[in-house]
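I have placed the structure first, in the form of structure tokens, so that the comments after it can refer back to it.
Bear in mind that the values here come from a model prediction, so they are computed numbers and not experimental data.
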Amino acid sequence: MNSLIPLIGMTLGQLQQVAAECGMPRFAAKQMCRWLYEKRATDISQMTDLSKPAREKLAKRYTIGLEAPLSQAVSTDGTIKYLFRGCGGRAVEAVYIPDGERATLCVSSQAGCRMGCTFCMTGQYGYQGDLTAHQIMNQVLAIPQSLSLTNIVLWAWANRLTTSMP
């Protein structure tokens, strides 16, 4: 059985390809984009400005792809660590940090990390691989506080980059 392809994490260009594949007009990609990232649809059937046959065709191959956190841990200061499915058999953390009028989410872009920071479980695993756009975007969209975020911090260990000083 083929698994459905998640729409979350797709760019407008990729959604245009999906629309073409499903026989929809090019502008349908912008409609899908609005449903995914603005209206936060949880099911393709909610995309009511797409025709019913288009939604049915879309649902045969694709899914919204929103995945709830595996667990969460709340700290006394209000910080919440969310655990999500990652890659390489490892879970990843996204950390919600409320601070007055600010609401920050620190998002993982890799499973594991080469840094080995003692305060971060993700760093304790060692590097397991890069997350997909779907897995990264899901961390942002799947938490209850996603609509109130004011900041997103994306941590990536740039192991393939080198810097030389003049």
Side-chain angles (χ1 to χ4, degrees), residues 1-19 21-22 28-47 55 58-75 79-98 102-161:
M1 180 177 170
N2 290 338
S3 59
L4 298 175
I5 300 167
L7 294 171
I8 287 177
M10 287 191 181
T11 64
L12 181 58
Q14 291 168 322
L15 290 171
Q16 288 170 340
Q17 292 173 343
V18 168
E21 173 190 311
C22 292
K30 286 185 182 179
Q31 292 170 307
M32 286 188 279
C33 197
R34 273 194 299 278
W35 280 106
L36 294 170
Y37 303 118
E38 291 176 28
K39 296 180 181 184
R40 311 291 174 95
T42 57
D43 192 83
I44 290 172
S45 65
Q46 295 172 326
M47 298 180 171
R55 284 180 276 154
L58 190 61
K60 286 181 181 175
R61 182 140 190 244
Y62 297 92
T63 181
I64 296 292
L66 196 61
E67 299 174 24
L70 301 170
S71 66
Q72 67 183 44
V74 182
S75 177
T79 298
I80 305 172
K81 286 186 180 182
Y82 291 99
L83 194 66
F84 287 94
R85 182 180 62 82
C87 61
R90 299 290 184 174
V92 296
E93 290 180 343
V95 182
Y96 171 73
I97 307 164
R102 295 184 337 183
T104 301
L105 184 67
C106 184
V107 177
S108 294
S109 64
Q110 300 171 330
C113 173
R114 289 179 174 88
M115 292 299 289
C117 299
T118 57
F119 63 85
C120 179
M121 283 306 298
T122 301
Q124 298 301 305
Y125 296 137
Y127 179 73
Q128 300 296 314
D130 296 328
L131 300 182
T132 65
H134 166 252
Q135 291 168 319
I136 295 168
M137 285 301 302
N138 186 69
Q139 294 172 68
V140 176
L141 300 175
I143 66 165
Q145 305 86 351
S146 78
L147 289 173
S148 65
L149 294 175
T150 58
N151 304 292
I152 295 176
V153 177
L154 184 65
W155 175 254
W157 175 247
N159 62 329
R160 292 176 289 272
L161 299 178

Pairing residues for K39 by the side-chain contact (heavy atoms from CB on, under 4.5 Å) criterion, not counting sequence neighbours = W35

Donor-acceptor under 3.5 Å (R55 side chain, I44 main chain) = no

task = Check each of Q31, M10, M47 against L36 using the side-chain contact (heavy atoms from CB on, under 4.5 Å) test, and report the only one that passes.
result = M47

note = Distance col, row I80:CD1 vs I143:CD1, nearest 0.5 angstrom, shows 7.5 Å

ask   = Can any side-chain N or O of T63 pair as donor or acceptor with the backbone N or O of I5 at less than 3.5 Å?
value = no

inquiry  = Can you list everything that forms a side chain to side chain donor-acceptor pair (under 3.5 Å) with S71? Sequence neighbours excluded, please.
reply    = none

task = Please confirm whether the backbone N or O of L7 pairs with a side-chain atom of H134, one donor and one acceptor, at under 3.5 Å?
result = no

query = Between atom CD of Q145 and atom CG of L105, what is the distance when rounded to the nearest 0.5 Å?
reply = 8.5 Å

key: Closest heavy-atom pair and its distance - A29, A19   = N-CB, 4.3 Å

Contacts of S146 that satisfy side chain to side chain donor-acceptor pair (under 3.5 Å) - sequence neighbours left out = R40

Where G65 and P6 come nearest, the two heavy atoms and their spacing = CA-CB, 3.8 Å

request  = Taking the side chain as every heavy atom from C-beta outward, state whether L58 and M32 have any pair of such atoms under 4.5 Å apart.
outcome  = yes

key: Backbone of G86 reached by a side-chain donor or acceptor of Q135 within 3.5 Å   = yes

inquiry  = Within the structure provided, determine whether V74 and Q72 are in side-chain contact (heavy-atom separation under 4.5 Å).
reply    = yes

request  = Apply side chain to side chain donor-acceptor pair (under 3.5 Å) to T42 and list each qualifying residue two or more places apart in sequence or on a separate chain.
outcome  = Q46

inquiry  = Rounded at 0.5 Å granularity, tell me how far CG in N138 sits from CD1 in I64.
reply    = 11.5 Å

query = Does T104 use its side chain to pair, donor to acceptor, with the backbone of I152 at less than 3.5 Å?
reply = no

With sequence neighbours excluded, residues passing salt bridge (Lys or Arg N to Asp or Glu O under 4.0 Å) with R85 = E67

Side-chain touch Q139/L131, heavy atoms, less than 4.5 angstrom = yes

task = Decide yes or no for S109 and L154: does some side-chain heavy atom of the first lie under 4.5 Å from some side-chain heavy atom of the second?
result = yes

inquiry  = If you define the side chain from C-beta out and look only at heavy atoms, does anything of Y37 sit under 4.5 Å from L12?
reply    = no

message = Can you confirm whether V107 sits close enough to I136 that some side-chain heavy atom of one is under 4.5 Å from a side-chain heavy atom of the other?
response = yes

message = Could you check whether any side-chain heavy atom of L70 comes within less than 4.5 Å of a side-chain heavy atom of F84, counting everything from C-beta outward?
response = no

inquiry  = I need the M137 CE to T132 OG1 distance, nearest 0.5 Å.
reply    = 11.0 Å

note = Sorted by chain and number, sequence neighbours left out, side chain to side chain donor-acceptor pair (under 3.5 Å) with Q17 holds for none

Pairwise distance CZ(R102) to OG(S148) - rounded to 0.5 angstrom = 13.5 Å

